[in-house]
Amino acid sequence: MQYKTVPALPNARISTIGFGCWSLGAQSGWTNSSDEESVATVYKAIDCGVTFFDTAPVYGFHGSETLLGRALQGKRDRIFLASKCGLLWDDNHVTRRDLSHKAVIADVEGSLSRLKTDHLDLLQLHWPDHETPLEETARALHHLLEQGKINAVGVTNYSVVDTVALAKLVPVSSYQGLYNLLERNTDSYHSISLEYEAEREIVPFCLERGMAFLPYSPLFQGLLTGRFNADSKFGSSDVRSANPKLAGDGYRRYVAAVEGLKPIAAAAGISMTHMSLAWLCQNPAVTSVLCGAHRPDQIADNAASADVVLSEKTLGDIKEVLERNGL
Ligand SMILES: NC(=O)c1ccc[n+]([C@@H]2O[C@H](COP(=O)([O-])OP(=O)(O)OC[C@H]3O[C@@H](n4cnc5c(N)ncnc54)[C@H](OP(=O)(O)O)[C@@H]3O)[C@@H](O)[C@H]2O)c1
């Protein structure tokens, strides 16, 4: 495993492969996740040297945090624990954004209780809430920082303009955004319009400010492992069935790009998974790649990619295939 520090998080030792905990637990909404295997996956991650764990109240509608809290008993001090706030949901699991003072405080209190810890190393604002003034959210964040319930603040899915505006009110240490080989400057995620372009805007922005950049969905929800084909389909209970990019003509275009990338991985003697993750790890702006996994073998495989070095030739060949496919 490799580790990085960034000026905005000077005391953190962050593994370049992080553990994205959305799919933890049987109620996560990801096919095949079980509680028992998820706990074993957390243990395996720690054994492999993974220190960065990313979760959120909304993942599994409290399920991810609850399971993680159980699994981390006696191990909390070995990891850097990040959660989020600002996404609420109704009885039908329809989400809405709320970064009001009251909602931020309530979210963090709930997270601390489920995660069985007295502090979060990083609290991230999950999605921008344009109905709540940034000043109000910042007041809640200052309160939590002063109480020691959070050690640092980050944003996810924010525009650069809003991140800069927030940073004038409270220090912003990290940016989490959608970024992988096939979605470098994409404009949507699960039908939600994105207010940023990851490679064009966020990469230079984080480098310039010394902030951590945390790419999410690094394997395009599994597509970049090379396991899927044009006929792959997801059951209605799998969250991926709600990703329009994994169906129809757009999907076939992505699959064609993956087919173009496979010979490059083969020539380098590595798997598609390792090539996709190493491509991110090698980017100097990237601090920790947030890989989803629900089995111990998956997180171990992902962790091993931190030690893979892609040659200039491999990087050049990848670039050519992406350009040829209009990506
Ligand atoms: N800030 C945000 O708005 C946001 C949004 C999305 C995600 N995230 C974060 O990013 C994390 C990861 O993103 P993601 O969950 O969307 O997807 P991802 O990491 O791109 O893909 C995860 C899926 O890839 C497959 N996989 C993982 N490792 C594998 C391996 N070594 N070999 C074969 N298959 C492997 C598994 O698929 P199978 O289930 O088919 O085995 C797994 O469920 C989340 O857990 C979360 O922490 C944040």
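Atoms within each ligand, like the ligands themselves, are counted from 1 in listed order. The analysis underlying the following values was restricted to heavy atoms, covering all of them including side chains, and did not include hydrogens, waters or symmetry mates. All residue numbers refer to positions in the sequence shown, counting from 1.
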Pairwise side-chain contact, Arg96 with Trp127, heavy-atom cut-off 4.5 Å (strictly under): no
For Thr225, atoms of ligand 1 separated by under 4.0 Å from a heavy atom: 33 (C), 34 (N), 35 (C)
Test item: side-chain donor near acceptor, Tyr216 and Asn157, under 3.5 Å: yes
Asn157 contact mode with ligand 1 (heavy-atom cut-off under 4.0 Å): side chain
Option nearest atom 40 (O) of ligand 1 (shortest heavy-atom distance, choices Arg240, His294, Arg295): Arg240
Side-chain donor-acceptor pair present, Ser111, Glu65, cut-off under 3.5 Å: yes
Ser23 N/O under 3.5 Å from ligand 1 N/O: no
Element-labelled atoms of ligand 1 that are located less than 4.0 Å from some non-hydrogen atom of Cys21: 45 (O), 47 (O)
Contact check, Arg227 vs ligand 1, heavy-atom distance below 4.0 Å: yes
Nitrogen or oxygen atoms of Ala293 and ligand 1 under 3.5 Å apart: no
Any Tyr189 heavy atom less than 4.0 Å to ligand 1: yes
Contact check: Lys84 vs ligand 1, nitrogen or oxygen atoms, below 3.5 angstrom: no
Shortest reach to atom 45 (O) of ligand 1 by a heavy atom, considering only Gly20, Cys291, Ser271: Gly20
Distance-only polar pair, side chains of Arg295 and Thr41, donor-acceptor under 3.5 Å: no
Ligand 1 atoms in contact with Gln176 (distance to a heavy atom under 4.0 Å): 1 (N), 2 (C), 4 (C), 8 (N), 9 (C), 48 (C)
Per-atom contacts, ligand 1 versus Thr156 - under 4.0 Å to a heavy atom: 1 (N), 2 (C), 3 (O)
Distance-only donor-acceptor check, side chains Asn229 and Glu259, under 3.5 Å: no
Between Glu183 and Asn180, a side-chain donor and acceptor under 3.5 Å: yes
Close aromatic pair by centroid cut-off 6.0 Å: Tyr179 and Phe213: yes
Cation-aromatic face contact Lys44/Phe19, 6.0 Å, 45 degrees: no
Ligand 1-proximal atoms of Asp54, by part, heavy-atom distance under 4.0 Å: both
Distance-only N or O hit between ligand 1 and Gly292, under 3.5 Å: yes
Between Lys233 and Ser241: side-chain donor-acceptor atoms closer than 3.5 Å: no
Nearest-option assignment for atom 18 (P) of ligand 1, heavy atoms, candidates Glu183, His126, Gln221: Gln221
Tyr189 versus Lys245, side-chain donor and acceptor atoms under 3.5 Å: no
Distance filter under 4.0 Å to Phe220 heavy atoms, resulting ligand 1 atoms: 20 (O)
Atoms in ligand 1 flagged as close to Asn302, the criterion being non-hydrogen separation under 4.0 Å: 27 (C), 28 (N), 29 (C), 30 (C), 31 (N)
Lys/Arg N to Asp/Glu carboxylate O, Arg252 vs Asp231, below 4.0 Å: no
